[in-house]
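Taking it in order: structure first as structure tokens, then the write-up.
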Amino acid sequence: MSQQLFADRIGKSKSWVDKVERGERRLDSLSTLHHLATVLQVSVEALLDRTAHTARVKPAGSIDLEAVRMALARFAPAAAGTGGSGTGPPLDEVSRSVGHAWLTFQHARYDTLVSVLPKLLRDARAAETGHVGNSALRAAHLLGEVYQVISSVTRKLGAVDLARLAAERSIALAQRADDPLLAGTGTTRFANALLAAGDSRAAFEANVVMAHRLAPNGATWSDPDRVSVYGSLLLQGAMAAAHMGDDASVGELLREAKVAADRLGTDDNRYRTSFGPTNVELHRAAAAVELGEGRRAVDIHSRLSRRAFDRLLPERRAQHLLDVARGHLMVGDLTSAGEALLEADRHAPAEIRGRPVAHDVMTEILRQTRGVPPALVTELADRMGALV
């Protein structure tokens with residue numbers, strides 16, 4: 001297989017493959033190793049050239065998504081142009097429920113969120129088909145948001161097929177709601193699902209195309225909603241570029257995102273983006289990890305304003321600390337990696353105990369530790385369902 005063909009199949013650049021082959025870039029990401037092994041049709045151990053025993057971590061109390069899956073399967077689009085009956089659920093009630101769902105997600109209470117999503121989806125669908133006029137536009141927007149929160153949580157929990165399906169429906173609802181910014185956030189959810197499925201190039205293109213479409217100019221720079229969605233698309237595009245090993249695109253997109261964040265001047269959660277100066281730095285660290293530059297990720301974390309970091313929502317803090325743990329692993333600092341996981345668990349336990357990537361990190365900490373791991377790490381591993 002040529003380098004170019006291999007690069008195309010794994011969604012990376014040819015230069016990334018060349019650097020790995022020449023030993024200039026390390027393969028420290030377990031998810032990347034598993035993806036490479038699948039494409040090459042070999043075991044991960046064959047790539048690592050070792051058969052050492054690995055302590056496997058399985059999610060403790062995995063969240064059952066079957067009810068959400070069934071709710072999505074009952075999808076029946078309203079007939080175009082038929083109008084509503086005017087008897088749908090009160091939109092203010094649906095709006096409050098949607099807002100609560102987003103808060104539940106951004107506080108990483110995934111089990112609670114999954115339990116309420118089927119009913120919320122039914123209510124939002126009833127509202128979307130039961131209202132007319134301007135109320136119908138608002139109802140379509142709310143239903144689009146429900147699909148986006150479903151996409152976000154199912155991707156976190158490893159159900160990439162559900163994440164992609166829900167994101168596609170959210171984009172369709174954004175068009176019905178005549179809301180290009182909702183289409184923008186829907187695109188980030190869709191691209192994240194593509195990225196989770198290994199299609200980093202398609203994820204990159206989706207984010208960048210939509211970012212260019214929504215790019216502020218002139219007076220629209222004063223619209224914080226538009227700037228937030230635009231900046232979020234740039235950040236997700238940078239993450240997709242990092243997965244491809246495209247250092248140049250990562251740098252360019254992060255620079256553009258910083259310009260947008262500086263325009264805002266503060267971290268905010270407009271359109272559920274959490275976009276702002278601090279979030280740009282968090283993505284800078286995450287991209288460094290994906291590029292195999294663990295030391296740079298750790299250094300970025302050390303320079304963060306603690307006050308600004310503590311103001312972020314728990315899910316964002318825990319996700320970042322998970323990236324920091326991966327960075328410490330890359331430089332062989334198992335103690336700091338374990339401490340980062342422990343801190344992330346304090347901020348948002350479900351982000352660590354329920355996500356496959358967090359279990360991969362704990363697996364590596366246990367595998368590389370000589371002797372008995374620290375007591376607190378052992379306790380966390382036990383809560384995650386690890387065999388130490």
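By the 4.0 Å N-to-carboxylate-O rule, Arg303 lies too far from Asp299 to be salt-bridged with it. One finds a salt bridge joining Asp161 and Arg69 here, because a Lys/Arg side-chain nitrogen approaches an Asp/Glu carboxylate oxygen to under 4.0 Å. A salt bridge between Asp123 and Lys119 is present, with a side-chain N of the basic residue lying under 4.0 Å from a carboxylate O of the acidic one. Note on Arg317 versus Asp310: no salt bridge recorded, every NZ/NE/NH1/NH2 to OD/OE distance being 4.0 Å or above. At a threshold of 4.0 Å, the pair Asp92-Arg96 does not count as salt-bridged, since none of the basic side-chain nitrogens sits closer than that to a carboxylate oxygen. Checked for salt-bridge contact, Arg164 and Glu168 meet the test: a charged N lies under 4.0 Å from a carboxylate O. The residues Glu281 and Arg316 are annotated as not salt-bridged, no charged nitrogen and carboxylate oxygen being separated by less than 4.0 angstrom. Comment: Arg255 does not engage Glu252 in a salt bridge, judged by the lack of any side-chain N to carboxylate O separation of less than 4.0 angstrom. A salt bridge links Arg326 with Asp323: the closest approach of a Lys/Arg side-chain nitrogen to an acidic carboxylate oxygen falls below 4.0 angstrom.
In plain terms, the two heavy atoms of Arg125 and Arg169 that are nearest each other are NH2-NH1, 3.9 Å. In terms of heavy atoms, Asn207 sits closest to Ala191 at ND2-CB, 3.2 Å.
Cluster membership check: Tyr271 does not share its hydrophobic cluster with Phe190, using side-chain heavy-atom separations under 4.5 Å among Ile, Leu, Val, Met, Phe, Trp and Tyr. Neither Val208 nor Leu195 shares a network with the other; the hydrophobic side chains, linked directly or stepwise wherever heavy atoms of I, L, V, M, F, W or Y lie under 4.5 Å apart, form separate groups for each. Hydrophobic clustering places Leu142 together with Leu113 (ILVMFWY residues linked when any side-chain heavy atoms are closer than 4.5 Å, directly or through intermediates). By the criterion of side-chain heavy atoms lying less than 4.5 angstrom apart, applied directly or through intervening Ile, Leu, Val, Met, Phe, Trp or Tyr residues, Met210 is grouped together with Val229 in one hydrophobic cluster. In terms of hydrophobic clustering, with Ile, Leu, Val, Met, Phe, Trp and Tyr side chains grouped at heavy-atom distances under 4.5 Å, Leu321 and Leu282 are assigned to a common cluster.
Looking only at side-chain heavy atoms (C-beta outward), His320 and Phe309 come within less than 4.5 Å of each other. You'll find the side chain of Trp16 stays beyond 4.5 Å of the side chain of Asp246, heavy atoms only. Counting only heavy atoms from C-beta outward, the side chains of Val153 and Leu117 approach each other to under 4.5 Å. Contact check for Asp268 versus Pro224: no side-chain heavy atoms found under the 4.5 Å cut-off. Between Arg122 and Arg74, the closest side-chain pair of non-hydrogen atoms falls below 4.5 Å. Between Asn134 and Leu137, the closest side-chain pair of non-hydrogen atoms falls below 4.5 Å. The side-chain heavy atoms of Val114 and Val68, taken from C-beta on, include a pair separated by under 4.5 Å. Looking at Leu235 and Leu254, their side chains come closer than 4.5 Å, going by heavy atoms from C-beta outward.
Side-chain atoms of Arg226 come within 3.5 Å of backbone atoms of Leu214 as a donor-acceptor pair (strictly under, hydrogens ignored). Counting only distance, with no hydrogens or angles, the side chain of Ser151 and the backbone of Tyr147 share no donor-acceptor pair below 3.5 Å. Of the possible donor and acceptor atoms, none in the side chain of Arg176 sits under 3.5 Å from a partner among the backbone N and O of Ala140. In this structure a side-chain-to-backbone donor-acceptor pair under 3.5 Å is missing from Ser95 to Leu91. Side chain of Asn192 to backbone of Thr188: a donor-acceptor contact under 3.5 angstrom is found. When atom types are taken as modelled, the side chain of Ser336 and the backbone of Asp333 share no donor-acceptor pair closer than 3.5 angstrom. Side chain of Ser152 to main chain of Gln148: a donor-acceptor pair is present (N/O by atom type, distance under 3.5 Å, no hydrogens or angles).
Side chain to side chain, Thr278 and Asp267 meet the donor-acceptor criterion of an N or O pair below 3.5 Å. Using modelled atom types, one finds a donor on one side chain and an acceptor on the other under 3.5 Å when comparing Gln319 with Arg355. Between the side chains of Gln236 and His283, at least one donor-acceptor pair of N or O atoms lies under 3.5 Å. For the residue pair Asn269 and Ser274, a side-chain donor N or O sits within less than 3.5 Å of a side-chain acceptor on the partner.
Atom CG in Asp64 sits 11.5 Å away from atom OG in Ser115 (nearest 0.5 Å).
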request  = Just do the side chain to side chain contact (heavy atoms under 4.5 Å, CB included) check on Leu291 and Arg296 with the steps written out, would you?
outcome  = CA-CA 10 Å; Leu291 291 169; Arg296 187 154 69 94; 4.2 Å; yes
task = Please assess Arg138 against His131 for the test side chain to side chain contact (heavy atoms under 4.5 Å, CB included), listing each intermediate value before the final yes or no.
result = CA-CA 9 Å; Arg138 184 184 177 196; His131 285 274; over 6 Å; no
request  = Determine, stepwise, if the pair Tyr110 / Glu351 fulfils side-chain hydrogen bond (donor to acceptor under 3.5 Å, both in side chains).
outcome  = CA-CA 8 Å; Tyr110 302 142; Glu351 185 72 9; 2.4 Å; yes
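The side-chain hydrogen bond (donor to acceptor under 3.5 Å, both in side chains) test with Glu315 is passed by exactly one of Lys156, Gln106, Arg109, His347: Lys156. In summary, of the residues considered (Met384, Arg367, Arg353), a side-chain contact (heavy atoms from CB on, under 4.5 Å) with Met362 occurs for Met384 alone.
Sorted by first then second residue, the salt bridge (charged side-chain N to carboxylate O under 4.0 Å, His left out) pairs that include residues 99-108, not counting sequence neighbours, number zero.
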